[in-house]
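To start, the structure itself, in structure tokens.
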2 protein chains.
Amino acid sequence: MFQLSVSTRDRILDTAERLFAEQGFHVATLRQITQEAAVNLAAVNYHFGSKQALMRAIFKRRLDALNTARMERLDAALRIDPPELEDVLDAFVQPALAFTRGGDAEGQRFMQLLLRAFADRDTDLHQAMRLEYAHVMRRFADAIGHALPDADPERLRQQLDFIVGALTLTMAESALKDTRIIAGELVRFAAAGLRAPIPTDAEQEARFSLEARS
Amino acid sequence: MFQLSVSTRDRILDTAERLFAEQGFHVATLRQITQEAAVNLAAVNYHFGSKQALMRAIFKRRLDALNTARMERLDAALRIDPPELEDVLDAFVQPALAFTRGGDAEGQRFMQLLLRAFADRDTDLHQAMRLEYAHVMRRFADAIGHALPDADPERLRQQLDFIVGALTLTMAESALKDTRIIAGELVRFAAAGLRAPIPTDAEQEARFSLEARS
DNA sequence: ACCTGATTCAAACAAGTGTTTCAATCATAC
DNA sequence: GTATGATTGAAACACTTGTTTGAATCAGGT
């Protein structure tokens, strides 16, 4: 019933996730993965079908956990009506760095993996990721809309992409110990950006003519 | 003197840049590159030495152009003292989408390439990129510091990373025709984030205890 | 004990990779 | 024209890749 040693399947998942994050999907080879996981080379194709399918399994495991954690914190933030903008942003940002039981290292690894998926624009993985992300993003965009009832919903969705970019790249890059502080900074930064009033057409025009002069 | 047809070297650079951006460094093969560029397979190794060296050459060409364009616009913004924050941010953001003579398509392609380089944390390319980026980033951080004399320089550098993340990921993802509008939005968003006052310790404490309750 | 299906193992496979080689061709200066 | 160095061309090289195969081993039920 309770097996002490981790199953072959899980050892492959953990090792492959680490190596994919560190080196990238095409650089990490099945021979390297299976050797470091101390399993047979054929085990990957037996348990997952292919290298691609292994990658999909890795992503599904983490993305589900991340989405669930974000949703839970979002629900908590929405108990106040209208919700506090900072609480909504916290619900989005904080789970990204501590959603795994194993602590920060795993979370950061997955952010690196996520960044690679973003870079691989027209792969199955990219499509799958955006698909699983889509409804979470919509819920957060709606929640921000409730926190800022005067804002244009379309514009909010676009600005949410700014936050995703800042979060993903910064978390994938930064030193481990700083992530918690940086996450707080990002929430403050993003809240101010979202709250900023949009310039009038007249002000826009003034800026463009200024640029033309230079 | 003036050759009508593009040189072998340049055809390789252009084609490889496109394929590296679309598919990634390891997926795009030399056979595919040389075939689409209509040059011999051995030409890459003859003109550049290796596939890696070809990638470095591609990066150098664009990054130099991007840095130069940014510096020029930054100098223009600094003619006013203290500079306008929005002008400094414009100098950083706008060249990213229109720094090549060929229009937006090339610029976006390079943003995709840049995103891949960010994802490849511990490669030579990543190191080289950050190295070439470093002094430009420092100048922009200083300029923002002049525009916002009350801000903490260390914090500004960190927030500049947020902007880089938002810019790179958004530009690499978004539809071509929207880039100019999005760039304007990003400048407004980032300016507000940078101007936002930092919360007092007491306010921070209040937020943390709030989270603990949930 | 025996059967059955799931799992592991070593070995091989077919295909594709970046790179090298060396002869053929080109441009240019004498 | 001819010699000289730079460039191109077709072919081969050495190696690695993901995947498949079929026998060996294991676990659980009857």
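Numbers restart at 1 for each chain; the letters A, B, ... are given by sequence-line order, proteins then strands. As the structure is a prediction and not an experimental result, all values here were calculated from the model.
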Legend entry - C/dT7 OP1/OP2 closer than 4.0 Å to side-chain N/O of A/T8: no

Solution key, residues 41-55 of chain A side-chain donor-acceptor pairs under 3.5 Å, sequence neighbours excluded:
from, atom 1, to, atom 2, distance (Å)
A/S50, OG, A/A53, N, 3.1
A/K51, NZ, A/F25, O, 2.8
A/K51, NZ, A/A28, O, 2.9

Inset, instruction - Using a 4.5 Å cut-off on heavy atoms from C-beta on, say whether the side chain of A/F92 contacts that of A/V164. - result: yes

Legend entry - Interatomic distance where CD belongs to A/Q23 and P belongs to D/dT17 [whole Å]: 11 Å

Inset, instruction - Please tell me if the side chains of A/L169 and B/D161 come closer than 4.5 Å, counting only heavy atoms from C-beta onward. - result: no

Legend entry - Contact state string [nucleotides 14-21 of chain C, B base, S sugar-phosphate only, - no protein heavy atom under 4.0 Å]: ---BBBBB

Inset, instruction - Check the distance between C/dT8's P and A/N40's CG and give it to me in whole angstrom. - result: 9 Å

Inset, instruction - Taking the side chain as every heavy atom from C-beta outward, state whether A/F59 and A/L114 have any atom pair closer than 4.5 Å. - result: yes

Inset, instruction - Return the value, rounded to whole Å, for the distance between atom CZ of A/R9 and atom P of C/dT8. - result: 12 Å

Inset, instruction - Whole angstrom is fine here: how far is it from CG in A/L54 over to C1' in D/dG18? - result: 12 Å

Inset, instruction - In whole angstrom, give the distance that lies between atom OH of A/Y46 and atom P of D/dT25. - result: 17 Å

Legend entry - Beyond-backbone contact of A/R18 with A/R109, side-chain heavy atoms, under 4.5 angstrom: yes

Inset, instruction - Could you tell me whether a side-chain N or O of B/R139 sits under 3.5 Å from a main-chain N or O of B/M71, the two making a donor and an acceptor? - result: no

Inset, instruction - Using atom CD1 of B/I12 as one end and atom C1' of D/dG9 as the other, report the distance to the nearest whole Å. - result: 13 Å

